S.K.: 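Structure in structure tokens, see below.
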Amino acid sequence: MLRAVIYSERCKGCGLCIAACPKKIIAINKSEFNQMGYNPSMLTDPGKCIACGRCVIACPDTAIEIKEAGDA
Amino acid sequence: MPEKVLMKGNEVIAEAAIRAGCRHYFGYPITPQSEIANYLAWRMPAVGGVFLQAESEIAAINMVYGASGAGARVLTTSSSPGISLKQEGISYIAGAEIPAVIVNVMRCGPGLGGIMPAQSDYFQAVKGGGHGDYRNIALAPYNAQELYELTVKAFDLADKYRMTVMIMADGALGQMMETVEFRDEEKPFEADKSWATTGTGMKRKKNYITSIYIDPEELEKLNNRLQAKYRTIEENEVMYEERDCEGAEIVVCAFGLAARIVRNVMDMAAAEGIKVGLLRPVTLWPFPVKAISDIAEKTDVLLSVELNAGQMVEDVRLAVNGRKPVHFYGRTGGILPTQNEILEEIKRILGRGNK
Amino acid sequence: MMPVMQSPRSLEKPTMHYCPGCSHGIAHRVVAEVIDELGLEGNTIGVSSVGCSYNNYLYFTFDMQQAAHGRAPAVATGIKRVHPERTVFTYQGDGDLAAIGTAEIIHAAARGEKITTIFINNTTYGMTSGQMAPTTLAGQVTTTSPAGRNTSTQGYPIRMSEVLAQLEGAVFIERVSMHDVNHIIQAKRAIKKAFRVQMAGLGFSMVEVLSTCPTNWGLTPIKAVGWLEKNMMEYYKLGNLKGKDLEV
Ligand SMILES: Cc1ncc(C[n+]2csc(CCOP(=O)(O)OP(=O)(O)O)c2C)c(N)n1
Ligand code: SF4
Ligand code: SF4
Ligand code: SF4
């Protein structure tokens, strides 16, 4: 199944993907910091992802890809 | 067969550039160099080249940057106020280590000044002009033949060292009609331009041309590389003409148009029994330091004659390093010193009272 | 299996230095996607300017030159005249293009220079800490208009797309925005067309991209896109200003 995969090491936690997601399944992961010092975003309910790619388009840092689930 | 033709100095520069394989010209009109652009406006298209009249000297020098970075032999020409505008671009070209030939048909300043010939951009050319630690190779032709030879050479030097080469002519030289003998064919220095931005064609890694180094270590490395290159040039590329300096009572240093006047003064002086030598720098940078230093050992006094308020004389003094007196004579405002004026000055310095 | 939506080939892998949520990142990706889709990676020579994107030659995989502040259109002209068969574009901010480089952009457009300009309008000088730009809106607070841009002493914002659209040599001019997904999709379409116009040798093309500078606006990325939509889009109307009907 295709779905969004967030590469948290590339993420700057800007939240633009959150605003872009029609399924409201992206959130900032407050409990994690990446190497750059940002709280990255994460999928709260990957099963609900419809692979629409809107988060990919909104992301300024190419931190999201749409891939076959399990590929990540 | 080499071809002898009678031509205006400015047109000689233009024709020499074509013969040196330059096919891109970017410039903005200004007196007294406009004949260069006027000539290339028809000559460039005739040889399949590009002539582009830019919106300003700033744009022109940045077009030069782009074209040179893309691998072309490229020329821009201007006169003093326009050369001032080009200084930002020249500094960027130095930082990016790409070749460019820049002709300055000098007029007098400061400001808009006047359109009469001058040599008052010496400092600007040899001491930097723009910001940062960089040099231009500065060539000072003094007749039509040299306008040709040095223009051709300028392209080779620029390619060889990946830097700016300035031709320091002046309004009189640019307007003068003289014969010049062109070779049938030039053999341009074949530079490796694998650094140029030509499009990768997916066949190599990307190239980029830049002059920005945010990391101080990297920037110092660039500066060290530039300085090492400048030392090599000082070793290998100095050009000058020495005439009758052996046993001369006084040696005059002069370049370009000033040297032409001094040549006549030498004959006048000889007729009065005064032996005058001439040291004519052809490269203003690298400056003929050693030649002048050697002369300082053999002659009692030196005189720098310039069409300015005293610029090259500072470098002559550095070369002489206090061993002998170094005098200066010059006129400004576009006024040429007369042969008599210079002869009188020589006699005054030598204590040969007259009249 | 290969991902079905991934970072474009023409964009280098390492992360870019832009602030979180800055539109520069999106604009870079979109330009790279267009270059990939048009098969231009090996054929393109880009020109970086002076501003936050000063070093974006590091971010693209094709050849690039870094130009002095405002001079990118002149540098691009030099490149294009040497390699007319290559695709040449400039990437410039609003300080770069609309202040110090006004002469260069106007004349490149007037000459019909066959280059493409990506013009990032974020109403401020991002790199030098948020000073007033020629594009700063009336009343907008910046570090050099702390009381808000006063039009009686600081003049009015310039609509560069409208200015350039007057010129015969400019054949394709469109203003787009990066503030949400639908607009980014629209922006990509315009950028692709601008490059196609160049490939067809028709003349100068430019896409003005309304962009955010969350850092200097003092807003979160989400609030910044809202501010753009509410304030910038009113003064800078989106849409095509020239070349809408060109078939390329
Ligand atoms: C000749 C010159 N003047 C000033 C500067 C300083 N400077 C660097 S970036 C910049 C403004 C850039 O603003 P903009 O083009 O809007 O790009 P942004 O940073 O917003 O992306 C200025 C004035 C410079 N580098 N060179
Ligand atoms: S692909 Fe669509 S549904 Fe899935 S996370 Fe991204 S925006 Fe949400
Ligand atoms: S848009 Fe990209 S950088 Fe911003 S929070 Fe989402 S994944 Fe992270
Ligand atoms: S300062 Fe503004 S324009 Fe520059 S990277 Fe940050 S957000 Fe982007």
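Since the structure is predicted, the reported quantities are computational estimates derived from the model, not experimental observations. Just so we're on the same page: letters track the sequence lines, and every chain starts at 1.
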S.K.: Checking side-chain contact (heavy atoms from CB on, under 4.5 Å) for the pair C:E41/B:T200: CA distance, chi angles, key distance, verdict?
M.R.: CA-CA 8 Å; C:E41 188 186 356; B:T200 65; 5.6 Å; no
S.K.: Heavy atoms only: give me the nearest B:G66-C:Q65 pair and the separation to one decimal.
M.R.: O-NE2, 3.0 Å
S.K.: Would C:Y57 and B:I209 satisfy side-chain contact (heavy atoms from CB on, under 4.5 Å), going step by step from the backbone distance to the final call?
M.R.: CA-CA 9 Å; C:Y57 54 84; B:I209 305 290; over 6 Å; no
S.K.: Pick whichever of B:V50, B:L52, B:V64 has the most heavy-atom pairs under 4.5 Å with chain C.
M.R.: B:L52
S.K.: Side chain, backbone, both or neither: which part of C:L58 has an atom under 4.5 Å from a heavy atom of chain B?
M.R.: both
S.K.: Does CG in B:N38 sit with more than 12 non-hydrogen atoms of other residues, nucleotides or ligands closer than 6.0 Å?
M.R.: yes
S.K.: In terms of heavy-atom proximity below 4.5 Å to chain C, should B:S68 be classed as side chain, backbone, both, or neither?
M.R.: neither
S.K.: Would you mind telling me which of B:A60, B:A72, B:A59 has the largest number of heavy-atom pairs within less than 4.5 Å of chain C?
M.R.: B:A59
S.K.: Around B:Y28, counting heavy atoms of other residues, nucleotides and ligands shown, do more than 12 lie under 6.0 Å from its OH?
M.R.: no
S.K.: Heavy-atom distance under 4.5 Å to chain C: side chain of B:A196, backbone, both or neither?
M.R.: backbone
S.K.: When you measure from the side chain of B:K206 to the backbone of C:M64, do you find a donor-acceptor pair of N or O atoms at a distance under 3.5 Å?
M.R.: no
S.K.: If I measure from the heavy atoms of chain B, does C:R81 come under 4.5 Å with its side chain, its backbone, both, or neither?
M.R.: both
S.K.: Let me know if B:I214 has heavy atoms under 4.5 Å from chain C in its side chain, its backbone, both or neither.
M.R.: side chain
S.K.: Take a 6.0 Å sphere around NZ of C:K13 and say whether it holds more than 12 heavy atoms from other residues, nucleotides or ligands.
M.R.: yes
S.K.: For C:Y156, look at atom OH and say whether over 12 heavy atoms of other residues, nucleotides or ligands are found less than 6.0 Å away.
M.R.: no
S.K.: Taking atom CD of B:E88 and atom NE2 of C:H69, what is their separation to the nearest 0.5 Å?
M.R.: 9.5 Å
S.K.: I'd like to know if the side chain of C:H83 and the backbone of B:A70 have a donor-acceptor N/O pair within less than 3.5 Å.
M.R.: yes
S.K.: Please state whether the side chain, the backbone, both or neither of B:R204 comes within less than 4.5 Å of a heavy atom of chain C.
M.R.: side chain
S.K.: Looking at every non-hydrogen atom in both residues, tell me the closest pair between C:I45 and B:T198 and how far apart they are.
M.R.: CD1-C, 3.7 Å
S.K.: Could you go through B:I58 and C:E104, starting from their C-alpha distance and side-chain angles, then the distance that decides it, and tell me whether this counts as side-chain contact (heavy atoms from CB on, under 4.5 Å)?
M.R.: CA-CA 9 Å; B:I58 299 175; C:E104 282 77 6; 3.6 Å; yes
S.K.: Let me see the working for B:Y92 and C:V75 under side-chain contact (heavy atoms from CB on, under 4.5 Å), right down to the final yes or no.
M.R.: CA-CA 12 Å; B:Y92 277 66; C:V75 171; over 6 Å; no
S.K.: Sub-3.5 Å donor-acceptor pair from the side chain of B:Y65 to the main-chain atoms of C:Q66, do we have one?
M.R.: yes
S.K.: Is it true that a side-chain atom of B:N207 and a backbone atom of C:D63 form a donor plus acceptor pair closer than 3.5 Å?
M.R.: no
S.K.: Does a sphere of radius 6.0 Å around CZ in B:F51 hold more than 12 heavy atoms from other residues, nucleotides or ligands, not counting ones at 6.0 Å or beyond?
M.R.: yes
S.K.: For B:R183, is the CZ atom crowded, meaning more than 12 foreign heavy atoms sit under 6.0 Å from it?
M.R.: yes
S.K.: Is it the case that more than 12 heavy atoms not belonging to C:E37 sit under 6.0 Å from its CD atom?
M.R.: yes
S.K.: With a sphere of 6.0 Å drawn around CD of B:E218, does it hold more than 12 non-hydrogen atoms of other residues, nucleotides or ligands?
M.R.: yes
